[in-house]
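Quick caveat: nothing in here was measured; it's all calculated off a predicted structure. Atoms within a ligand are numbered from 1 in the order they appear, just like the ligands themselves.
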Amino acid sequence: EKKYDKGLAKTRKTFSERMNELFANFRSVDEDFFEELEETLIGADVGFETAIRISEELKQEVKLKNAKKKSAIQNAIIEKLVNIYESEGIEENNALNLQQNELTIILFVGVNGVGKTTSIGKLAYQYKNEGKKVLLAAADTFRAGAIDQLVVWGERAGVEVVHGDAGGDPASVVFDAVRKAKEQQADILLVDTAGRLQNKVHLMKELEKIKRIIQREVPEAPHEVLLVLDATTGQNAMVQAKQFKETTDVTGLVLTKLDGTAKGGIVLAIRNELHLPVKLVGLGEGIEDLQAFNPTEFVYGLFK
Ligand code: GDP
């Protein structure tokens, strides 16, 4: 809880400052107000579409309910932000799709430097602490250093890392890892993949190949394909999300480095514009700094 609050401090500060500014000169809900509201929301990185949507919905509501009081308007804005998250009924699925008494396979995708390896290490640590048997697969054989880095995280978390040589075939690493996970009756296999190959088609083919290898052994896997995004990159993260959505079936997002940015509003932009749930958030560099994302808490946190 505390960590969650602390990790969002920068986002909250900027967001609440902007909102306070907006309401400091509040006189009436006129066209100027809605224009300022849109600017405020866009400035808070919730995205253009999201800002317009909230503003339009608020206009309707103000008309219907004849709401004029500052507090009523503020509450309505909070409600609409939460709704963006709840409207599609996917919110209960914020939790990862873990199999009971069977092997769960989670694929991690995303460009280099976003925090993929770190997030895998943190998650491995959490599951290990819950008493689960965890295995990691170092299928990013493309980036120099990626394997070593995952091995280090494996040591920290106290879990085994299946890997081959740098430059090797990622699919064969995945094959070995899935076999091993089955042999050892592991609960969870987390697979690190290459973020950037020669081009998008190549990346797509590689990910498809990895999936086919997995499905030969475990037909209904991977149970999650998590796209890792760096929140500090703001709108750039949105662009990456769009591209990866075209490349593979992403089931959810891991938004990292929220502690280092005031651009946390991006969570709402992603939800509204890409219809992908944020499942985990990275709130620091430490092994315990990864948490399940709670949208309602997040939005209310912005107005604290
Ligand atoms: P990868 O290339 O996607 O595997 O990225 P890494 O896992 O190597 O992470 C890149 C950098 O981001 C490292 O220095 C991490 O410590 C840092 N990092 C990852 N997640 C977080 C986070 O949630 N908060 C902060 N502050 N740093 C993070």
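Here's the thing with T256: none of its N/O atoms is less than 3.5 angstrom from an N/O atom of ligand 1. Between D289 and ligand 1, no pair of N/O atoms sits closer than 3.5 Å. Where the criterion is an N or O separation shorter than 3.5 Å, residue side chain and backbone included, L258 fails it with respect to ligand 1.
Taking the charged nitrogens against the carboxylate oxygens, D230 and K257 do have a contact shorter than 4.0 Å, which makes a salt bridge. Ion pairing between a basic and an acidic side chain is recognised when a charged N comes within 4.0 Å of a carboxylate O; K59 and E31 show such pairing.
Here CG of L290 is found 9.5 Å from OG1 of T256. Values are rounded to the nearest 0.5 Å.
Using a 4.5 Å cut-off on side-chain heavy atoms (C-beta onward), N112 and D140 make contact. Counting only heavy atoms from C-beta outward, the side chains of F48 and L41 never approach each other to under 4.5 Å. Considering only heavy atoms from C-beta on, I42 stays 4.5 Å or farther from V46 through its side chain. The shortest distance between side-chain heavy atoms of W153 and T118 falls below 4.5 Å.
When G284, G260, A146 are ranked by how near their heavy atoms come to atom 22 (C) of ligand 1, first place goes to G284. Here atom 2 (O) of ligand 1 lies nearest to G113 when heavy atoms of G115, A231, G113 are compared. In this comparison of E285, Q291, K257, the heavy atom closest to atom 11 (C) of ligand 1 sits on K257.
Close approach to G282 involves these atoms of ligand 1, each under 4.0 Å from a residue heavy atom: 23 (O).
Within the structure, ligand 1 has N112 among the residues with a heavy atom less than 4.0 angstrom away.
From the protein, the heavy atom lying nearest to atom 7 (O) of ligand 1 is T118 OG1, 2.5 Å. For atom 24 (N) of ligand 1, the closest heavy atom belonging to the protein is D259 OD1, 2.8 Å. The protein atom (non-hydrogen) at minimum distance from atom 3 (O) of ligand 1 is K116 N, 2.8 Å. The nearest protein atom to atom 4 (O) of ligand 1, hydrogens excluded, is given as T117 OG1, 2.5 Å; this is a heavy-atom distance.
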Donor-acceptor contacts, no H, no angles, side chain residues 211-219, under 3.5 Å, sequence neighbours left out:
| unit_1 | atom_1 | unit_2 | atom_2 | d |
| --- | --- | --- | --- | --- |
| K211 | NZ | T248 | OG1 | 3.2 |
| Q215 | NE2 | A221 | O | 3.0 |
| E217 | OE1 | R179 | NE | 3.3 |
| E217 | OE1 | K182 | NZ | 3.2 |
| E217 | OE2 | R179 | NE | 3.3 |
| E217 | OE2 | R179 | NH2 | 3.3 |

